[in-house]
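Read the structure below first, then the notes.
Throughout, a chain's letter reflects where its sequence line sits, starting with A, and its residues are numbered from 1. Every value quoted in this text rests on a predicted model; they were computed, and no experiment measured them.
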Amino acid sequence: MLDPYLALLFMALLAGAFALFSVTAAPYIGPRRYNRAKLDSYECGIEPSPKPVVGTGRMPVAYYLTAMLFILFDIELVFLYPYAVAADSLGLFGLVAVTVYIATIGFVYFYEWRRGGLEWD
Amino acid sequence: MNLLAQQDGMTHTQQLLADDPIWLVLLKVVVLFAVGVVLTLFMINWERKVVGRMQQRPGPNRTGPGGWLQSLADGLKLAFKEDIMPVLADKKVYFLAPVISTIPAFVAFSVIPFGGEVSIFGERTVLQLVDLPVGVLVVLACSSIGVYGIVLGGWASGNPYSLLGALRSAAQVISYEIALGLSVVGVILYAGSLSTADIVEAQSGGWYFYLLLPSFVIFVISMVGETNRAPFDLPEAESELVGGFHTEYTSLKFALFFLAEYVNMVTVSAMATTLFLGGGRIPFLGPVNGWIEFVVFIAKTLLFLFLFIWLRGTLPRFRYDQFMKLGWKVLVPVALIWTMIVFAIRVFRTTTGAESTAALVIAIVLGFAAVLTIAFMLPDRTEDAADVELASSYPVPPLDLAPPGRSRKRIARATPDPEPALTGKED
Amino acid sequence: MTPLTPPPIDYAAVAPLLIVLGAACVSVLVEAFLPRHQRWPAQVALSVVAIVVAGVTLGVYAGDAPAQGVITLGSTMAVDMPTLFLWGTLLVLGFGSLLLIADRSVEPGGAFVASALERASAGAAPGSTTGPSGVDPEHVDRSYGAPGDAPTMQTEVFPFTLFALGGMMAFVAANDLLTMFVALEVLSLPLYLMCGLARRRRLLSQEAAVKYFLLGAFASAFFLYGVALLYGYAGSVRLSAIAEAAVGTDRSDALLFGGLALLIVGLLFKGSVGPFHTWTPDVYQGAPTPATAFMAACTKVAAFGAIARVLYVAFGSTRWEWRGVLWAVAIASMVIGAVLGLTQTDLKRMIAYSSIAHAGFLLLGTMAITQAGTSGTLFYLLAYGFTTIAVFGIISLVRTADGEATHLSQWAGLAKRSPLLAGVMTFLLLALAGIPLTSGFTAKFAVFSAALSDGMAPLVVVALVASAIAAFFYLRVVVLMYFSETPADGPTVSVPGAFTTVAITLGVVVTLLLGVAPTLVLDWAGAGGFTG
């Protein structure tokens with residue numbers, strides 16, 4: 001009797017092996033013709049921006065807001081799933097509890113919405 | 001033995017799968033992997049052909065019978081293209097990003113219940129690799145991990161377009177994943193389980209796509225957003241961002257991103273089939289031969305895949321702010337409210353005794369849902385922006401610059417001529 | 001489908017906590033839905049009403065609460081006599097701090113940063129022009145918005161305060177370590193943010209917030225590792241279960257004491273006990289003064305309430321094993337606080353070191369696993385909290401054009417300029433030093449006598465010496481105020497508005513009362529022990 005997660009691991013290993021093989025083999029299978037312009041970052045033919053994005057690049061703060069809201073809601077989801085599975089045995093008490101829970105996160109959501117945290121321009 | 005397993009709280013499917021010998025598991029892994037790759041190749045080709053037809057042209061028709069080997073040929077050709085590592089790239093991350101995005105795509109694929117009970121080389125089993133008690137979560141988790149591949153790939157490329165594409169893609173996937181996850185809650189509630197096989201089993205009384213119609217609609221919309229497909233394909237909006245996060249990728253690394261994207265598409269379609277269309281079940285028939293179920297399952301999945309293609313052929317791309325607005329300000333609130341309504345209804349129907357209290361509590365919950373609805377409907381308060389006094393002397397265009405009005409030609413057409421020309425229009 | 005029975009909830013017992021947390025949620029909604037100019041009055045009213053109602057509920061419940069306490073919410077909360085006393089302390093101190101936070105007269109618009117829109121309208125980012133020295137080169141404060149508008153502040157501090165207060169209340173009542181951890185985070189996260197919201201000296205304030213956050217995150221991680229180890233040892237996170245496991249088995253003690261060590265590091269950090277105090281001076285100095293007052297008074301109460309409960313309930317039976325280490329910690333804290341306090345030139349930093357020394361004294365009381373030790377600690381926390389709030393209230397009044405004048409030299413000769421303020425400050429500093437007829441003396445007496453009767457005589461001697469050293473730097477400020485020449489461009493003393501006046505008066509009166517007639521409060525503090 002195999003642990004079911006072992007099968008997932010096999011799948012991950014197979015996919016990983018395939019992918020690793022592909023990325024490793026790619027430089028050897030394909031041709032190599034050196035050209036400096038080819039190694040520059042592609043910016044539609046104009047000279048690439050002098051400062052490298054990696055390391056010094058900053059991301060707009062709106063993405064962080066979205067990411068934080070995502071974490072909040074993802075955690076909410078992770079708690080809603082077990083409730084959904086056990087909802088029938090939890091009955092009214094569970095319903096009240098989950099409503100309070102959703103409401104609490106809802107307040108934060110309202111706050112971010114009303115204060116323009118979800119606006120993009 | 002059966003009794004023993006039953007006591008462990010395993011379902012029939014899980015028992016059958018637990019009894020699989022290791023060769024069968026490995027066989028399934030390989031076949032599943034092949035199915036993923038073949039479906040990808042087929043899907044690319046099918047997409048090009050269908051979109052071609054929609055645009056009154058034949059699409060690829062040269063390579064292989066009916067042009068069906070075109071994507072295979074393209075894939076092989078990619079392998080023989082030069083592999084470029086840009087100078088500004090972060091070498092290790094650039095190298096690993098395609099791998100990171102490929103693995104979860106296939107892992108998510110492995111909890112899909114493709115079909116019922118069959119016998120393979122004399123071994124009773126189910127056409128499914130694993131049936132985990134947390135199956136749905138695995139799919140969601142994998143799609144979250146897949147984002148890492150995209151973000152890291154875009155970041156490591158050392159290219160502003162890639163970085164922007166990656167950021168957009170990440171923001172998009174995580175935004176729509178919330179709506180996706182919330183729409184699944186209703187299904188889980190009614191099925192009482194997170195296991196994919198159980199969810200299929202629970203739909204023998206009726207498919208959830210009409211029992212939980214709002215959930216289904218939200219799921220379908222957000223699955224398109226989740227997979228970065230048109231009309232939500234902003235990360236690779238070629239008119240804005242060249243190729244998005246994979247601008248700098250070539251050769252097989254590029255092919256892996258492509259593969260992951262299409263496998264993800266197949267996975268969400270298969271999930272939609274599992275969650276809302278009763279998996280491989282045929283209406284009014286109950287369980288049939290496992291292989292037939294497999295065929296039915298694939299057919300239903302292709303239905304969703306066709307939807308993807310159809311959308312791509314039909315709809316123009318969203319603007320980014322509209323797109324985020326749809327996700328956070330429409331889908332998420334609607335999904336939240338619908339989830340609460342479903343909870344309330346379900347508890348009302350299962351509560352026995354204490355009906356009056358139940359009714360009261362449920363009325364309160366529904367009332368809360370109504371309040372939520374109203375709160376979401378409230379118009380956004382516009383905080384009147386203060387007059388910004390520009391601090392620098394850098395030349396900027398005036399802030400009150402109005403967009404140009406209608407063109408002169410149109411104005412001319414719209415304003416009636418003061419002196420009507422002598423064309424005899426009076427009569 | 002077998003229905004599960006929900007755990008019984010004693011709503012009357014936990015009502016104060018629910019009220020405070022509920023009000024915090026409502027105040028988030030206020031932030032979301034009210035227009036900008038209505039937020040400040042609404043938030044102040046809401047917070048004050050919430051704290052008062054919670055206090056009244058608490059008083060009504062405490063009137064006929066069972067003496068041995070109740071354990072409710074599925075054994076995650078222990079509402080016993082120390083809990084009730086600590087809740088009362090937290091609510092009263094929270095009320096005082098809230099008044100300081102709400103004040104908008106001392107600093108026009110309040111000590112907290114202006115709302116984002118006003119900052120935008122003020123032109124270039126104000127944070128960038130204000131250096132860490134606190135001197136604004138342009139010397140133009142444009143953060144008040146358009147000329148006609150009343151200056152406002154970022155009213156999010158009110159929900160922060162309420163959430164932090166709710167977290168603190170849950171923290172001291174937590175009967176298992178997981179609840180305690182959640183409460184720890186609920187109380188910490190708002191505090192990190194509040195530190196970074198000072199209207200003046202933005203860089204200093206932001207630096208304080210980041211330091212506090214990073215070190216606090218470390219401390220939380222320590223705490224969590226400790227919880228994991230203790231769970232491995234006892235198979236439960238309940239405090240009483242850990243105590244039972246420690247008595248009943250011959251398991252390896254490595255997990256138990258490793259867990260205790262990590263756990264207590266996390267808790268000592270929150271209580272700013274040396275040598276885990278490194279954040280304290282910077283944060284006390286950088287945070288807006290009302291937030292510092294809140295942090296100094298209430299966080300101390302919460303942290304030591306929790307330390308006392310953990311040591312008493314979970315580790316009371318093994319106290320002979322760990323006491324030696326805590327002796328060292330207490331000595332380190334007292335010595336660090338007293339000696340480094342001598343070298344400070346900034347008043348807020350000095351109070352910070354004083355708080356480290358006081359933390360050492362408090363540790364004496366918590367280490368004595370006796371009824372007297374518990375009641376002494378509780379009394380000390382109440383007394384210290386009120387004195388601290390009043391001290392920070394006074395500090396916020398002495399100002400120059402650049403904001404608060406916290407450098408010691410600026411306080412020279414202040415008695416000539418404002419005898420009342422100097423007198424009040426002198427009284428408060430004497431209370432911090434522990435001079436008779438102030439609450440500080442009574443509190444120290446209660447704690448030290450409890451420690452003495454529990455066999456910690458050497459530690460008490462060290463504590464007395466440290467008190468004497470610390471008294472020196474308090475008295476130095478007094479001498480400076482009364483016997484020095486006033487500098488030409490010295491600070492001015494603002495006339496406080498009603499809120500600050502009430503807060504300072506409250507602190508001073510309680511400090512005096514607890515010094516003159518402490519019996520009633522000592523009786524309350526000694527009404528009952530911890531329940532596990």
How far apart are the closest heavy atoms of [X] and [Y], and which atoms are they?
X	Y	answer
A/Leu14	B/Val30	CD2-CA, 4.1 Å
B/Leu167	A/Tyr63	O-CE2, 3.6 Å
B/Leu26	A/Phe10	CD2-CD1, 3.8 Å
A/Val85	B/Gly192	CG1-O, 3.6 Å
A/Ser22	B/Leu252	O-CD1, 3.6 Å
A/Gly16	B/Val99	O-CG1, 4.4 Å

| Stepwise ring-ring contact (aromatic ring centres under 6.0 Å, His included) test for A/Tyr83 and B/Phe343 | CA-CA 10 Å; A/Tyr83 169 71; B/Phe343 279 159; 4.8 Å; yes
From [X] [atom1] over to [Y] [atom2], what is the distance, rounded to the nearest 0.5 angstrom?
X	Y	atom1	atom2	answer
B/Ser110	A/Leu9	OG	CG	10.5 Å
B/Leu132	A/Leu8	CG	CG	5.0 Å
B/Leu129	A/Met11	CG	CE	7.0 Å

What part of [X] is in contact with chain A, defined as an atom under 4.5 angstrom from a non-hydrogen atom: side chain, backbone, both or neither?
X	value
B/Thr250	neither
B/Val134	side chain
B/Val29	both
B/Ser193	backbone
B/Leu182	both

Taking the side chain as every heavy atom from C-beta outward, state whether [X] and [Y] have any atom pair closer than 4.5 Å.
X	Y	result
A/Thr66	B/Met324	yes
B/Leu259	A/Phe18	yes
B/Ser144	A/Phe70	yes
A/Asp88	B/Arg346	yes
B/Leu96	A/Val23	no
B/Phe80	A/Ile29	yes
B/Trp328	A/Glu112	no

| query | Is a side-chain N or O of A/Tyr81 found less than 3.5 angstrom from the main chain of B/Gly181, in a donor-acceptor match? | reply |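 Side chain of A/Tyr81 to backbone of B/Gly181, a donor-acceptor pair under 3.5 Å: yes, one is there.
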| task | Would you sort out whether A/Phe73 and B/Val332 count as a side chain to side chain contact (heavy atoms under 4.5 Å, CB included), showing the intermediate values? | result | CA-CA 10 Å; A/Phe73 269 98; B/Val332 171; 4.2 Å; yes
| message | Please identify, among A/Leu13, A/Val78, A/Leu69, A/Asp74, the residue contributing the most non-hydrogen atom pairs under 4.5 Å to chain B. | response |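 Top count of heavy-atom pairs under 4.5 Å with chain B: A/Leu69.
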| Which of A/Ile71, A/Val96, A/Leu20 touches chain B most, by non-hydrogen pairs under 4.5 Å |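 Result: the option with the highest number of such pairs is A/Leu20.
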| field | Within 6.0 angstrom of A/Tyr101 OH, more than 12 heavy atoms from elsewhere | value |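 Yes, enclosed.
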| field | Segment of A/Ile102 engaging chain B (4.5 angstrom heavy-atom cut-off) | value | side chain
| query | Which answer fits A/Ala103, side chain, backbone, both or neither, if we ask what part of it has an atom under 4.5 Å from a heavy atom of chain B? | reply | both
| So which of B/Val107, B/Asp131, B/Ile188 has the largest heavy-atom pair count under 4.5 angstrom toward chain A? |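 Option with the top pair count is B/Ile188.
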| said: Taking every non-hydrogen pair under 4.5 Å, which of B/Thr102, B/Val342, B/Val185 racks up the most with chain A? | reply: B/Val185
